[in-house]
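Have a look at the structure below before the remarks.
Just so it is clear, the model here is predicted, and its values are computed rather than measured. Below, chains carry the letters A, B, ... as their sequence lines are ordered, and counting in each starts from 1.
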Amino acid sequence: MNNLHINKIVDFSYVDGPGNRLVLFLQGCNFNCQYCHNPETIPERKAKSYTVEETFNYIIKRKDYIAGVTASGGECTLQWEPLMKLFAKLKEQTQLTTFIDTNGNVCDKKMDALLGYTDGFMIDLKAVNYDTHKRITGKGNEQVIKTIKKAVKHNKLYELRYVLIPEINDSKNDLKDLANFIKYLNAETYLMLIPYRNQGVVGEFKSLPSMTEDQYNRILKTMYSLGLEKIIKKRNFFCKN
Amino acid sequence: MGKNQKKILSIISDETLTVAQKKHFLSIEGENMLPYVNVSAETRRFYEQGILCDLYEGNAPYRPRYVLPDYQKLLENGSEFLGLKPPQDFFEAIQTLLIAYNHVPSITGKPVYLGNVDTLLQPFTGGVSECELYKQIKWFLINIDRVLADGFCHLNIGPYDTLVGRMILKAERELKQPVPNISLKYCAKSTEDAFLEEAAKTALITGKPHFHNHNLIKEQLGDYGVVSCYNNLLIGGGSHTLVRINLLKLAKEADGLEDYKENLLPLAVNSAAELANKRNEFLVEESKFFDSDFLAQEGLIDLDKFSSMIGIFGLAEVANMFSSGKYGKDEETNKLGLELVKLIYDKLTEIEGKYCKGTANKLTLHAQSGISEDIEETPGTRVPIGDEPDLYQHLCAVIPMHKYFNSGISDIFIFDQTVKDNPKAMCDIIKGAMKQGIRTFTANQKDSDLIRVTGYLIKKSDLENFNSSKKNLQLSGNLGAEAVVNQRILNRKVRKLNE
C-alpha cells in the first residue's frame, strides 16, 4: 500500500497534541467501539487516496502555521507503511513534529517501525479491565497495554486518553485501576480525561446519557485524590443536550 | 427655535449621555458653525453623497485626528508647560504619564496613544517589590479605563519581554476591561515565545492585545506606535486627518468594472487626497496648532513626523459585485480585491500629501475599520461577518493585502473555545501569519465578556446599557453598541471542533 487513504484533513486543530496541528484522519479501523464518534472512518471505502508526495505537499503549504502533523483516524497505524514514509519525509525536510493518535491495537513490528519517525503518541485506553475493554471495543486490551508500555519505554507517550463513559468504565474500581496503571507506567505523560457524549453516536451506547459537568468534576476529584492531579488534562467543553 | 438650536437642545437633554459626553458633542456643534474647508465641486459632491467621509471630524480642524507624543522624551526631560520634572521612580513615572494623557488632544478628545508603556516604565522598576509594581500597574490600568474611559486609547507593549509587559498582560486578564486598547509588537527575533504566549493567553480572555508585525511596520514607517483602532503612525508624529472612501457607494455609480477601475477610483482617490490636504492646510496654517500647542513647543511632537490617512472600506462588497465568486472564499474574487487595493495604493503614491513629511510627503493608506452607521459595507478589506472561510483560507485570502496599508489594517480571526487549553496553538498561527507577511493579527474568542467592535472593545454590559437607554462611562461603549446592531458583529463565524 503506497497511498494514504484519508477521510478528512483538518488544517488547524488545537486538541491533537502540542501547539497548532494539521490532522490527517486516515480511513479504516480495527476496533468497533460502541460509542465511536467517527463511524464513517471505520469502513475501508469512503476515503480519498493521496500519494505520500501529495500529502506532503499539502502539509508544506501550511507549514509556517503549524507545530506539526498528527495522524488520527480511524486507526492510522493500519496504514503504517505510507504513514511512515510521510513522517520520514517530514523529519528529513522540515522542523515539524509528528504525532500519532492511536487506539493502541498495533502489532510490535509496526509500532517499532513507526517509533523511529514519530515524536509522540496519543493512545486511547478504553478500559483497564479486560472484560470492560472487550465490551466497549469488541476486543481485548493486551496489545493496547503492550503498545502503551512500548511508547513509555521510548519516552514517547505524550498523552493517554480515556473516555469516561457513565456506568461502563467510570466506577470507583475502574478509576482506581486506571490510576494504578498510570502509576505503574511511571511515565511523564498527560492523562486526558474525556467526558462521554452521545451526540453522533450510532452504536449500542447511543442510549447512554452524556456525562454531565458535575459527574465529570466528581471524577476529577477522585483522580486528584489518587495522586494524579499534576498530569490530568481536562476537557472543558460539554454537550448542551 | 432654529435647526441648530434644536440640535444643541437635543444634546443637552439627552439622558443617555454623561455631562462630559455632552460637552464633547456640543464642541463639535460649535466647530461646525464655521463653513467646511474649501474644496472643489467634484470633491464636495463625493463628500455630500457619502462616497467620501471624514468620520465627523468637524468642519474646521483645530487639532490633529491622532497625536503620538514622544513619551520617552517626556520622561527624560519632564514638561515645562505641565510643571513636571523628570520622574525619579516608578510612582512618579506613572503619574507623569497619567497627567500627560489628560493633555494630549485627538479627535475623540482623549489620547489615542498611551506609549510603549513597558519600555517606558521598565527602567523605573529598580528597588520596587513585584507586589508593589503589580498594584501600581493594575491601578494605572484602572485609572485609564475609568478616567480616560475611551476604547480608542491605545497602549503598546513589546517587542521585548519585560516584567512590566508581563504584569500589564496579567492585570488585563484579571481586570477584563475594554479600555485601554492594547497592541503587542511582535518580532520573531526579539519576542520570546513565553512572552508571546502570555499575550495569547490574555487575548483569549479579553480579545487584546492585537499582534503587530514589528519588522514589517518598522521597515515601512520607522519608529511607530499603534493608536486608536490599530493605526500605525510615527511616534512624535500622528495623523492630521482621516478621509475614507466608501468603495461600495462609489461602485454603485460605475458603468461596469472597467469604468470603476479606470475612471471612478482614480477620481475618488484624487478627491479624497484633496479633502485631506485641505484639512491638513487648515489645521497647520489656520488653527496654528503646531505653533501654539505645548506638545509641539516642547518637542514632544514634530510636524515633520505627521501624515494623513486615506481610508477605504467595503472592498468585499465591491469584489463580490464585480465577480461571480465570494470574497474570502473564491480565489478570483480575492485577486480582484487585491488588484483594486494595488490600484488605489499606486494612485495615492502619485499624489503629494501636504504636511505629510512623516511619510515622505505622501498620504498613507488605511483599511478603515468602519463606524457604527455602516450597514452594507464591511470594514476595510475584511471578509464579511458570517462569510469567513476556514482560518487557513482566511489568512491566505487577506494577508496579501496587508503590505499596502502603511497606516494600518486588521483582520479579526475567531477561535473556538478548545484553543483556551492550548494557547501555544494560537502562537503558532500568529507566528506563521507574521512570517507570511501579515501586518496585524486580531484574535477574538467567542465567549469573551468583551466584544471587539471594529478595532476597539466594549463590554457586553455596555451593549445592554445602550439598549435600555442607560448611560455608559465610555462613549466608545455607545458607538460600539450601535455597531453591534448595525454590523451583526455577534454573528462572526466560529469554527466548532471537527467542523
Side-chain angles (χ1 to χ4, degrees), chain A residues 7-25 36-41 58-70 72-74 94-97 99 101 122 158-159 190-195 197 199-201 213 232-240, chain B residues 186 188 193-194 196-197 200-201 203-205 211 213 216 329 331 388-400 402 411 413-438 441 443 445-448 493-499:
Chain A
N7 181 280
K8 186 170 65 176
I9 300 176
V10 170
D11 288 340
F12 293 176
S13 165
Y14 320 136
V15 294
D16 291 287
N20 184 37
R21 308 194 72 78
L22 184 142
V23 187
L24 304 168
F25 289 90
C36 182
H37 284 93
N38 303 314
E40 72 283 2
T41 59
Y58 184 91
I59 295 165
I60 283 302
K61 277 191 186 163
R62 291 147 180 83
K63 76 170 176 18
D64 286 348
Y65 295 102
I66 53 177
V69 174
T70 298
S72 181
T94 74
Q95 303 286 319
L96 297 174
T97 57
F99 273 65
D101 176 3
M122 285 157 294
Y158 173 78
E159 190 175 288
Y190 293 114
L191 171 64
M192 168 67 90
L193 287 174
I194 304 167
R197 32 177 210 165
Q199 210 177 33
V201 171
E213 202 164 351
I232 287 184
K233 271 170 92 176
K234 292 185 284 179
R235 268 277 157 94
N236 285 324
F237 43 95
F238 289 84
C239 264
K240 298 215 167 74
Chain B
Y186 174 81
D193 280 355
L196 178 66
E197 200 176 325
K201 274 196 237 164
L204 284 169
I205 293 171
F211 299 84
N213 195 331
L216 173 80
K329 287 178 179 157
E331 216 166 299
E388 299 100 329
D390 285 355
L391 190 44
Y392 171 69
Q393 258 192 305
H394 194 172
L395 288 158
C396 292
V398 299
I399 286 177
H402 279 218
D411 286 281
F413 304 106
I414 309 212
F415 287 81
D416 70 60
Q417 56 187 331
T418 63
V419 79
K420 268 193 173 169
D421 293 329
N422 187 1
K424 271 202 175 82
M426 186 188 266
C427 297
D428 287 335
I429 295 171
I430 292 168
K431 286 196 269 187
M434 296 288 164
K435 209 169 165 189
Q436 292 287 326
I438 204 166
F441 186 105
Q445 203 279 328
K446 186 189 143 244
D447 291 337
S448 169
K493 184 152 178 195
V494 188
R495 262 158 301 281
K496 302 259 165 39
L497 188 63
N498 291 336
E499 186 180 308

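- With contacts defined as side-chain heavy-atom distances shorter than 4.5 Å, the pair B:Leu395/A:Phe12 qualifies.
- Considering only residues two or more places apart in sequence or on other chains, B:Lys435 meets the salt bridge (Lys or Arg N to Asp or Glu O under 4.0 Å) condition with A:Asp64.
- Rounded to the nearest 0.5 Å, atoms CZ (B:Phe415) and CG (A:Asn20) are 8.0 Å apart.
- Summarising the local packing, OH of A:Tyr190 is surrounded by 12 or fewer heavy atoms from other residues, nucleotides or ligands at distances under 6.0 Å.
- Applying the side chain to side chain donor-acceptor pair (under 3.5 Å) test to B:Lys424 and every residue at least two apart in sequence or in another chain returns nothing.
- How far CE of A:Met192 is from CG of B:Asp421: 7.0 Å, rounded to the nearest 0.5 Å.
- Without hydrogens or angle criteria, B:Asp428 side chain to A:Tyr65 main chain gives no donor-acceptor distance under 3.5 Å.
- The side-chain heavy atoms of B:Ile429 and A:Tyr14, taken from C-beta on, include a pair separated by under 4.5 Å.
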